[in-house]
Amino acid sequence: MSDKFSPTLRIGDLSDFIAPSQACVVSLKGLKSNTKKSENPQVKVSVSNNKQTEPVKISLKDCLACSGCITSAETVMLEKQSVDDFLSNIAKGKSIIISLSPQSRSSLAVHFGISPLQVFKKLTTFFKTLGVKAVFDTSCSRDITLIETCNEFITRYKESQLNDDERSKSALPLLSSACPGWVCYAEKQLGSYILPYISSVKSPQQTMGATIKHQICQKMDLRPDEVYHVTVMPCYDKKLEAVRDDFTFEVESQGESNENHVIIPEVDSVLTSGEVLDLIKLKSVDFSALEDSPLDNILTNVNEEGYLYGVSGSSGGYAETVFRYAAKVLFGVETKGPLAFKTIRNTDFREVSLEVDGHVVLKFAVCYGFQNLQNIVRKVKMRKCDYHFVEVMACPSGCLNGGGQIKPNPGQSPKELLQSLEGIYMENVVVADPFENPLVKRLYDEWLEEPGSEKSKRYMHTEYHPVVKSITSQLNNW
């Protein structure tokens, strides 16, 4: 470790958010074994140091991913995952494919005062004018993740009913895995006791990456290493997720390199909703005046009438979709109409249950924000958690409120913006069962075979790794 740094760097008093203006940077200039409080009272950073140096910057590998620093800090993100790098790869003639999240569509829709479907069509025009090959919809890959999660839950539920000798100690509760901030926090701070409970299913972003690089590029007559896959997401944590070693694979080199194989990622770069807006401004485009282009339906949830279809739930609908499926498969109960979620503590902590013959047979929860998920974590650690499934998101109010979303307009409060996002999210969307999605059915028929198959596990599932949580032990990465 360099003698420029002292081992006494601490982050404490963690709450949900560091304000968007806060960067994950601690200036050491002029500091001598003193404590500097950030402008945000929720976070205290103390630095002990005897030399004048450059500012300390926490790298992605060092970062806690607590939904504060990472979700708002421009200094933490990989420099490659930027608008400049995106334009650079276009200039290099790469075959660029964009995957657009529904939360980002909603963010741009509210900003421009048009519908999410119009945003999708105009973004297709905008990106293809720049030289992008195709623009897809991550609602399609989300349906795959939901199907795989449903299958995983049924397997674990049945396993939980076995006797002690046959039962896996980590069968239930099943904790959702779509939020990279939550997953990174679990790996770095909660240790191995919590990881076995987290769903092994990849997030929609990574499911999309695997689908494009392993299957769709073949249909487009492209090699995986020719494709530069960019996702548009509501969250900076997705940049962190994209660079995980678990989400890379090896292919034979086709270039002049002496290497026989190259390692390529499923997702090459992530742009946030706000960064896409920056790109639109950079190109001086009147976005609302752009013509609508037809959607690329090879990997987009669009029906014959031109409407998008999806599921209820602005963070992916995991709890609701798995609950309905489990009720039907395990107990033969059809749950029609809105589910009767009951608010616990606050609107970011809700639960729903199913009773059969006077007994609660299913109990699910939606848990958003770190303050709420601490309650779940404690119960799991003490083996007193009575939920069968928990939809976990690091951001309060879920993905629509991600740190990468477009900020409120002058005079608009964050609460008002969130209400607008929630109001527009399901516009132009036809609610449909993921299992009935013809596009997804075709992917299973032609490639994945069936939910939970060996191929599905290979491409659509992942593993988690406990990380030493002492920042001191990782300072040599700085």
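Computation of the quantities below employed the complete heavy-atom set of this structure, encompassing side-chain atoms and omitting hydrogens, waters and symmetry-equivalent molecules. As the structure is a computational prediction, the values presented were derived from the model and not from experiment.
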Side chain to side chain contact (heavy atoms under 4.5 Å, CB included) partners of Ser353, counting only residues at least two apart
Val360, Lys363

Enter the distance from Ile264:CD1 to Glu266:CD here, rounded to the nearest 0.5 Å.
9.0 Å

Partners meeting salt bridge (charged side-chain N to carboxylate O under 4.0 Å, His left out) with Glu226 (sequence neighbours left out):
Arg223

Taking the basic N atoms (NZ, or NE/NH1/NH2) and the acidic carboxylate oxygens, is any pair closer than 4.0 Å for Arg105 and Asp137?
yes

If the condition is side chain to side chain donor-acceptor pair (under 3.5 Å), which residues does Lys441 pass it with, not counting sequence neighbours?
Glu436

Regarding Tyr318 and Thr145, is there a side-chain donor-to-acceptor distance under 3.5 Å anywhere?
yes

Can you check whether Phe323 and Phe341 have ring centres sitting under 6.0 Å from each other?
no

What closest approach, in Å, do Arg156 and Ile198 show between heavy atoms, and which atom pair accounts for it?
NH2-O, 3.6 Å

With no hydrogens and no angle check, do the side chains of Glu391 and Ser176 hold a donor and an acceptor under 3.5 Å apart?
no

Pairs flagged by salt bridge (Lys or Arg N to Asp or Glu O under 4.0 Å) wherever residues 112-136 is involved - sequence neighbours left out:
Lys122-Asp292, Lys128-Asp296

Under the rule for side chain to side chain contact (heavy atoms under 4.5 Å, CB included), what residues qualify as partners of Asp286, not counting sequence neighbours?
Ser288, Ala289

Given salt bridge (Lys or Arg N to Asp or Glu O under 4.0 Å), test Lys238 with Glu241 step by step and report yes or no.
CA-CA 5 Å; Lys238 289 295 180 180; Glu241 180 179 63; 3.2 Å; yes

All N/O donor-acceptor pairs, side-chain side in residues 87-101, below 3.5 Å, sequence neighbours left out:
| residue | atom | partner | partner atom | Å |
| --- | --- | --- | --- | --- |
| Asn89 | ND2 | Asp85 | O | 2.9 |
| Asn89 | ND2 | Asp85 | OD2 | 3.2 |
| Asn89 | ND2 | Tyr228 | OH | 3.4 |
| Ser99 | OG | His229 | NE2 | 2.7 |
| Ser101 | OG | Ser104 | N | 3.2 |
| Ser101 | OG | Ser104 | OG | 2.9 |
| Ser101 | OG | Val232 | O | 3.0 |

Mind checking the CZ-NZ spacing from Phe435 to Lys328? Nearest 0.5 Å is all I need.
9.5 Å

Intermediate values then yes/no, salt bridge (Lys or Arg N to Asp or Glu O under 4.0 Å), Glu320 and Arg324
CA-CA 6 Å; Glu320 181 166 337; Arg324 293 182 188 277; 3.0 Å; yes

Euclidean distance, Gln103 CD relative to Ser139 OG, rounded to 0.5 Å
8.0 Å

So that I know where these two stand, are Phe249 and His214 an aromatic pair - ring centroids less than 6.0 Å apart?
yes

Aromatic ring pairing Phe126/Phe287, orientation class (parallel under 30°, perpendicular over 60°, tilted between)
perpendicular

Of the options Asn301, Thr207, Thr138, which is the one that meets Asp143 in a side-chain hydrogen bond (donor to acceptor under 3.5 Å, both in side chains)?
Asn301

Counting the benzene-type ring for Trp, do Phe153 and Tyr325 have ring centres under 6.0 Å apart?
no

Mind checking the NZ-CG spacing from Lys407 to Leu417? Nearest 0.5 Å is all I need.
9.5 Å

Leu130 vs Leu279, test: side chain to side chain contact (heavy atoms under 4.5 Å, CB included). Steps then yes/no.
CA-CA 11 Å; Leu130 296 179; Leu279 178 61; 4.1 Å; yes

Dump the intermediate steps for side chain to side chain contact (heavy atoms under 4.5 Å, CB included) on His111 and Val119, then the final yes or no.
CA-CA 10 Å; His111 180 81; Val119 166; over 6 Å; no

